[in-house]
Amino acid sequence: MQRYSAFHLAGHALRGHRHWRPAWRTAAPKRRYRVIIVGGGGHGLATAFYLAKEHGITDVAVLERGWIGGGNTGRNTTIVRSNYLWGASAGLYEKAMQLWEGLSREINFNVMFSQRGVLNLGHNLQDMRDIRRRVNANRLNGIDGEVLDTEGVKRLVPFINTGPDIRYPVLGASYQPRAGIARHDAVAWGFARAADNLGVDIVENCEVTGIRRDNGRVVGVDTSRGPIDAERVGVVVAGHAGVLAEMAGFRLPIESHPLQALVSEPLKPVLDTVVMSNAIHVYVSQSDKGELVIGAGIDGYNGYGQRGSFQVIEHFLAALLELYPLFSRLRLLRHWGGIVDVCPDASPIIGKTPVGGLYFNCGWGTGGFKATPGSGWVFAHTIAHDEPHPINAAFALDRFERGALVDEHGAAAVAH
Ligand code: FAD
Ligand code: PYC
């Protein structure tokens, strides 16, 4: 890797960033690849990286219809945690957490992973029972977790309103100390550069418009830049999973919804942990730049527009001000939406499909950023071996036929 001294960097800044080496090549698509990954978000790029690194498969293209990280990867609020309820989820999200803990070193790119802890608030007795059950389950699975009472929450967030007269009083929280946030763009850029270094072609502005099949097997894809043959195709397109499944001739139990978020102007450090409330539908953290990053639950209707409705914003800002009256003087800077792919059990689908050699990784809904490295790791294994890894075996598409759902609505922490 090329390293720059302070003089180099100052020189580049003054000369207007000329002669910088691009972090990854602008690859033109070849006529055929061993593996094609559709979707250049964090999950697709991580899959390509681990295919090359862990399985020695480097004849790989990532086809992205826009720019890498321009989907949910660059639109999410970057919360990373592994405090899910069921054993299968614990295995998956904790694998991701362990990869996060070494990721900057592994891909030689600072993803700014900050383990500042995540609180999930409880506002009534049933919330607190659910919290205790989930924290106990986490501990049995070797995942860190604590149950905090009101005072414990106040110690971590001194300005939170714990008054008894608010509509949803704060009775306590679950707390995962190893959870936190990371820089989402850096995750996309870091995986892209690391995959490119191992020989993967990253092809932007290349939309997949058809999945070509022969005799029940995938043989390639049609794209806005012409047809490309492949032995195996992995599809990781988040909110567009249903569209790609239709191209391949089957249906997924997935609905696409808008999910919105916004950031305030940068403030001096005020909040050094992440606080979420599923019941009141608001969560907040402070970025390293100082912005408060704020979000809520999904918009209720289906859609492919990367924007949502005002009524959701009005609702979550009212909730924000009830919990943190201090923020009433905040100025908001930017607001946006993404399209999230929601499964009926709030768990992802990662595995084989009815078409041979075609694999789907989708249904992460409101919570896939935290899984990015783990998702790529297990999906690469699944594609390389034509079999799921034990970690993702429970997340097969046929669980909806078998009734073996992994219901994580409680731990999803963002209403959907
Ligand atoms: P994406 O990053 O969306 O990548 C899919 C890519 O596929 C896109 O770049 C798209 O352009 C491309 N594509 C689509 N169709 C085609 C086609 N036909 N041909 C080629 N390319 C195509 N998760 C958390 O864990 N923590 C959070 O705090 C969190 N906050 C969120 C906040 C918001 C507002 C949103 C919208 C989501 C949030 N999420 C969060 C969810 C998380 O962002 C996603 O689950 C995750 O980023 C999905 O990653 P991905 O790589 O699968 O999808
Ligand atoms: O899954 O932790 C999460 C999350 C936070 C915000 C959106 N999703």
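Start at 1 and go down the list; that is how both ligands and their atoms are numbered. Residue numbers run from 1 in the order of the sequence given. What's counted below: heavy atoms across the whole structure, side chains too, no hydrogens, waters or symmetry copies.
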Run the salt-bridge test on Arg178 and Asp144 with the 4.0 Å N-O cut-off and return the result as yes or no.
yes

Which class fits the ring pair Phe369 and Trp100: parallel under 30°, tilted 30 to 60°, perpendicular over 60°?
tilted

Atoms in ligand 1 flagged as close to Gly367, the criterion being non-hydrogen separation under 4.0 Å:
23 (N), 24 (C), 25 (O), 41 (C)

Considering only the protein, which heavy-atom contact is closest to atom 6 (C) of ligand 2, and what is its distance?
Tyr283 CZ, 3.1 Å

Selected option - heavy-atom contact closest to atom 2 (O) of ligand 1, from Thr223, Thr73, Leu45:
Thr73

Considering non-hydrogen atoms of the protein only, which is the closest contact for atom 8 (N) of ligand 2, and what is the distance?
Thr366 O, 2.7 Å

Check each atom of ligand 1 against the heavy atoms of Cys206 and keep those under 4.0 Å away; list them by number with element.
20 (C)

Among protein heavy atoms, which sits nearest to atom 4 (C) of ligand 2, and what does the distance come to when rounded to 0.1 Å?
Val414 CG2, 3.6 Å

Decide whether an N or O pair under 3.5 Å exists between Val340 and ligand 1.
no

Close-contact set for ligand 1 against Glu207 heavy atoms, below 4.0 Å
18 (N), 19 (N)

Under 4.0 Å from one or more heavy atoms of Gly338, ligand 1 contributes atoms 36 (C)

Side chain, backbone, both or neither: which part of Ile339 comes within less than 4.0 Å of ligand 1 when only heavy atoms are counted?
neither

Under a 4.0 angstrom heavy-atom cut-off, which atoms of ligand 2 come close to Ala412?
1 (O)

Ligand 1 versus His240, non-hydrogen atoms closer than 4.0 Å: side chain, backbone, both, neither?
side chain

Kindly confirm or rule out an N or O of Lys370 lying under 3.5 angstrom from an N or O of ligand 1.
yes

Does a donor on one side chain sit under 3.5 Å from an acceptor on the other, for Gln115 and Glu101?
yes

Which bit of Phe369 is near ligand 2, meaning a heavy atom under 4.0 Å away: side chain, backbone, both or neither?
neither

Counting both backbone and side chain atoms, is some N or O of Glu64 under 3.5 Å from an N or O of ligand 1?
yes

Under a 3.5 Å threshold, yes or no: a donor from one side chain and an acceptor from the other, between Thr382 and His389?
no

Using a 4.0 Å heavy-atom cut-off, say whether Thr366 meets ligand 1 through its side chain, its backbone, both or neither.
backbone

What atoms in ligand 2 come closer than 4.0 Å to a heavy atom of Thr77?
6 (C), 7 (C)

Charged N to carboxylate O below 4.0 Å: is that the case for Lys53 and Glu106?
yes

Check whether any N or O atom of Arg81, backbone or side chain, sits under 3.5 Å from an N or O atom of ligand 2, and answer yes or no.
yes

Short N-O contact, Arg183 and Asp185, less than 4.0 angstrom
yes

Quick check on salt bridge (Lys or Arg N to Asp or Glu O under 4.0 Å): which of Arg25, Arg32, Lys30 does Asp201 satisfy it with?
Arg25

With no hydrogens and no angle check, do the side chains of Thr223 and Arg225 hold a donor and an acceptor under 3.5 Å apart?
no

Location of contacts on Thr372 toward ligand 1, heavy atoms closer than 4.0 Å
neither

For Thr78, the ligand 1 atoms whose distance to one of its heavy atoms is below 4.0 Å
27 (C), 28 (O)

Are Phe250 and Phe360 close enough that their ring centers fall under 6.0 Å?
yes

I need the atoms of ligand 2 closer than 4.0 Å to a non-hydrogen atom of Gly367, numbered in the order shown.
1 (O)

So which of Phe379, Phe49, Trp364 actually passes ring pair (Phe, Tyr, Trp, His ring centres under 6.0 Å) with His43?
Trp364

Let's go through Phe327 and Phe159 carefully: what are the C-alpha distance in whole Å and the side-chain angles of both, what is the deciding distance for ring-ring contact (aromatic ring centres under 6.0 Å, His included) to 0.1 Å, and is it a yes or a no?
CA-CA 10 Å; Phe327 293 159; Phe159 57 89; 5.5 Å; yes

Under 3.5 Å, is there a donor-acceptor pair between the side chain of Asn392 and the main chain of Phe395?
no

Closest protein heavy atom to atom 3 (C) of ligand 2, given as residue, atom name and distance to 0.1 Å:
Lys370 NZ, 3.2 Å

At a 4.0 Å threshold, what atoms of ligand 1 neighbour a non-hydrogen atom of Ala261?
34 (C)

Just go through Asn72, Leu259, Val236, Thr77 and tell me whose heavy atom is the nearest to atom 30 (N) of ligand 1.
Thr77

Determine whether any heavy atom of Ala371 lies closer than 4.0 Å to an atom of ligand 1.
no

Nearest candidate to atom 50 (P) of ligand 1, where distance is taken over non-hydrogen atoms, out of Met276, His257, His43
His43

From Ala241, Ala238, Gly337, Gly308 - option closest to atom 53 (O) of ligand 1 by heavy atom
Ala238

